[in-house]
Amino acid sequence: MRIDIITCLPQLFESPLKHFIFQRAIKQHLLSINIHNLRHYTPYKHDKIDDSLYGGDAGMLLMVEPIANCIRALQKEQNYDEVIYMAPDGEPLTQDLVNKCSLKQNIMVLCGHYKGIDERIRKHFITLEISIGDYVLSGGELPALILADAIVRVIPGVISDASSVLADSFQDGLVAPPAYTRPYNYEGMMVPDVLLSGNHKAIQEWAQQEKVARTKKRRPHLIEKKEVI
Ligand code: SAH
């Protein structure tokens, strides 16, 4: 899979992309991530990419031309399954959406900044808008990294034990069960005995009950959704 990210702050990606999950996927040739500096595509002097808003509202907006030039230049090199804009009012990012994105070959991800981007880009160039939640950040870089991290870990082969990914929260519409590791007894707080029983069936039944109970408590809307289906 190939992810092309368009940003006016390329340096924000340097350290996160050195993180082992990205590096592992890149080394295994399962992923390539390319960062494109929006300022290299502006026709304006002094690397200008933003301007004040028509209508008089405060703040600056990313201009049409640098973004359009960058998207078109990338599209000349290859086809993209999606041109994504990270937007507070986009489609909420869920595991379902992550899984769908992970099946694509090439995606482009545009990070906004300041007050966002000119509406004409959203209307004429963007095929999918994704939000990481109903709150506003100062740029699309962290949302883009969140999207990329979530995608990378579900690409088959990146995490060697696929069953570990499938057992994570939300993959089956429920949250994950409680998890324990050594020691068995920490200051009188014990690990549930069933987990040491060696009885695989009993462990699975316990985990399923815990998942349902936790989901009812923490994400009741997921249980309602499952019951409707
Ligand atoms: N004026 C806009 C907010 C712009 S925030 C509004 O009121 O909707 C600047 C940029 O940060 C956006 O262009 C977007 O790319 C990114 N961003 C901020 N919050 C985000 C969120 N919750 N999800 C995804 N991207 C977000």
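Indexing begins at 1, ligand by ligand and atom by atom, following the structure's order.
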Could you find the nearest protein heavy atom to [atom] and give me its residue, atom name and distance?
atom	answer
atom 9 (C) of ligand 1	Tyr114 O, 3.3 Å
atom 24 (C) of ligand 1	Ala87 N, 3.5 Å
atom 12 (C) of ligand 1	Tyr85 OH, 3.6 Å
atom 5 (S) of ligand 1	Leu137 O, 3.1 Å
atom 23 (N) of ligand 1	Ile132 N, 3.1 Å
atom 1 (N) of ligand 1	Lys115 O, 2.9 Å
atom 14 (C) of ligand 1	Met86 O, 2.9 Å

Enumerated ligand 1 atoms positioned under 4.0 Å from heavy atoms of [X]:
X	result
Ser131	22 (N), 23 (N), 24 (C)
Pro143	24 (C), 25 (N), 26 (C)
Gly140	11 (O), 15 (O), 16 (C)

Return yes when [X] approaches ligand 1 closer than 4.0 angstrom through a heavy atom, no otherwise.
X	value
Ile130	yes
Val136	yes
Ser138	yes

Just to verify, which of Leu110, Ile84, Ile35 counts as forming a side chain to side chain contact (heavy atoms under 4.5 Å, CB included) with Ile5? Ile35
One should read off an interatomic distance between Asn37 CG and Phe13 CZ, to the nearest 0.5 angstrom, of 11.0 Å
Rounded to the nearest 0.5 Å, how far does CE of Met60 lie from NZ of Lys48? 5.0 Å
Short N-O contact, Lys18 and Glu14, less than 4.0 angstrom: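 Judged by the 4.0 Å cut-off on N to carboxylate O distance, Lys18 and Glu14 do not form a salt bridge.
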Walk me through whether Thr7 and Val109 qualify under side-chain contact (heavy atoms from CB on, under 4.5 Å). CA-CA 9 Å; Thr7 172; Val109 182; over 6 Å; no
Shared hydrophobic cluster, [X] / [Y] (ILVMFWY, side-chain heavy atoms < 4.5 Å):
X	Y	value
Val158	Leu147	yes
Ile107	Leu31	yes
Val175	Ile223	no

Which part of Pro88 is near ligand 1, with near meaning a heavy atom under 4.0 Å away: side chain, backbone, both or neither?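 Near ligand 1, Pro88 shows its backbone as well as its side chain.
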Do other residues, nucleotides or ligands put more than 12 heavy atoms under 6.0 Å from the CG atom of Asp161? yes
For atom 11 (O) of ligand 1, which candidate among Gly116, Gly139, Cys111, Ala144 provides the closest heavy atom?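 Answer by nearest heavy atom: Gly139.
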Do Gln105 and Asn79 pair up side chain to side chain, a donor and an acceptor below 3.5 Å, judged on atom types alone? no
If we count only non-hydrogen protein atoms and require a distance under 4.0 Å, does atom 7 (O) of ligand 1 qualify as touching the protein? no
